[in-house]
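Written below as structure tokens is the structure these notes are about.
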Amino acid sequence: MDAHELMRETLNQGRRALREPGTKPFGSLVVREGEVVGVGINRVEVDRDPTAHGEIVAIRDACHRLDTWDLSDCILFAQGEPCPLCAAAMQLAGIRELYFAADSEKATSLFAPLQGTRFADADVPSLRAEACLPATQGKSIRASRVMEADAIAVYKEWLELVRKQL
């Protein structure tokens with residue numbers, strides 16, 4: 001299948017959400033060598049999981065089906081431009097190519113009437129700006145650092161184990 005056919009299937013996944021209570025119309029596919037290996041729609045409400053965005057659900061599905069966390073040979077198709085959470089998940093999974101249909105600016109303008117509700121995707125610009133800041137600087141979530149030296153000690157133990165395995 002080519003990119004247009006795969007995007008049509010991505011949008012069909014979004015339409016599927018219109019018929020499934022508790023889901024939102026944000027479809028996503030993970031594709032490897034032209035074959036769909038992961039499918040997702042936004043399941044935040046139905047799963048009661050704030051991370052269950054369409055892209056995340058598709059990445060989880062692909063990882064499960066392929067029995068790996070490394071999707072570096074895969075492409076992600078998304079109905080909308082991925083939010084910071086989804087972009088980070090793509091990076092962690094190794095996905096290096098993305099196709100999306102609607103950019104976040106246009107989507108945000110559509111979602112403007114929902115601002116101030118628990119529909120957090122309406123706040124994508126502020127999420128993007130905040131995601132790039134250090135945890136203790138300028139965030140809407142208060143953050144405190146405690147027991148840093150102890151955490152570093154654990155990291156050092158882990159690194160030593162990794163070095164022995166190399």
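Predicted model, so just to flag it, every value in this text is computed and none were measured.
Taken from CG in L11 to CZ in F77, the straight-line distance is 11.0 Å, to the nearest 0.5 Å. Once rounded to the nearest 0.5 Å, the distance linking CD of E97 with CE of M90 reads 9.5 Å. Summarising the geometry, atom CG belonging to N12 is positioned 9.0 Å from atom CZ belonging to R8; distances are rounded to the nearest 0.5 Å. Taking CD of E45 as the start and CD of E20 as the end, the distance is 13.0 Å to the nearest 0.5 Å.
In the hydrophobic clustering, I41 connects to no other residue, as no ILVMFWY side-chain heavy atoms lie under 4.5 Å from its own.
E35 contributes no side-chain N or O that, together with a main-chain N or O of R32, makes up a donor-acceptor pair within less than 3.5 Å. The main-chain N or O of A17 is found under 3.5 Å from a side-chain atom of T23 such that the two form a donor-acceptor pair.
A78 and L98 make their closest contact through CB-CD1, 4.3 Å (heavy atoms, listed as atom of the first residue, atom of the second, distance). Between D47 and A52, the closest heavy-atom pair is OD2-CB, 4.3 Å. Across every non-hydrogen atom of R15 and R19, the tightest pair is O-NH1, 3.5 Å. Scanning both residues, I95 and C74, for their nearest heavy atoms gives CG2-O, 3.8 Å.
Counting only heavy atoms from C-beta outward, the side chains of L29 and Q13 approach each other to under 4.5 Å. You'll find the side chain of L6 stays beyond 4.5 Å of the side chain of Y99, heavy atoms only. Between Q79 and S28 the shortest side-chain heavy-atom distance does not fall below 4.5 Å.
More than 12 non-hydrogen atoms from other residues, nucleotides or ligands lie less than 6.0 angstrom from CD of E5.
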Identify all side-chain donor-acceptor contacts of residues 55-68 below 3.5 Å with residues at least two apart in sequence or on another chain.
from: R60; atom 1: NH1; to: D49; atom 2: OD2; distance (Å): 3.3
from: R60; atom 1: NH2; to: T51; atom 2: OG1; distance (Å): 2.8
from: D61; atom 1: OD1; to: R65; atom 2: NE; distance (Å): 3.3
from: D61; atom 1: OD2; to: V39; atom 2: N; distance (Å): 2.9
from: D61; atom 1: OD2; to: R65; atom 2: NE; distance (Å): 3.2
from: D61; atom 1: OD2; to: R65; atom 2: NH2; distance (Å): 3.0
from: R65; atom 1: NE; to: V37; atom 2: O; distance (Å): 3.4
from: T68; atom 1: OG1; to: D70; atom 2: N; distance (Å): 3.1

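Pairs of residues two or more places apart, or lying in two chains, that qualify as salt bridge (Lys or Arg N to Asp or Glu O under 4.0 Å) and include a residue from residues 153-166 are E160-R163.
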| Can you list the steps and then say if I75 with R96 is a side chain to side chain contact (heavy atoms under 4.5 Å, CB included)? | CA-CA 7 Å; I75 299 169; R96 290 184 172 81; over 6 Å; no
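L76 and V36 end up in different hydrophobic clusters when Ile, Leu, Val, Met, Phe, Trp and Tyr side chains are linked at under 4.5 Å. Hydrophobic cluster membership differs between W69 and L92, with clusters built from Ile, Leu, Val, Met, Phe, Trp and Tyr side chains linked at under 4.5 angstrom.
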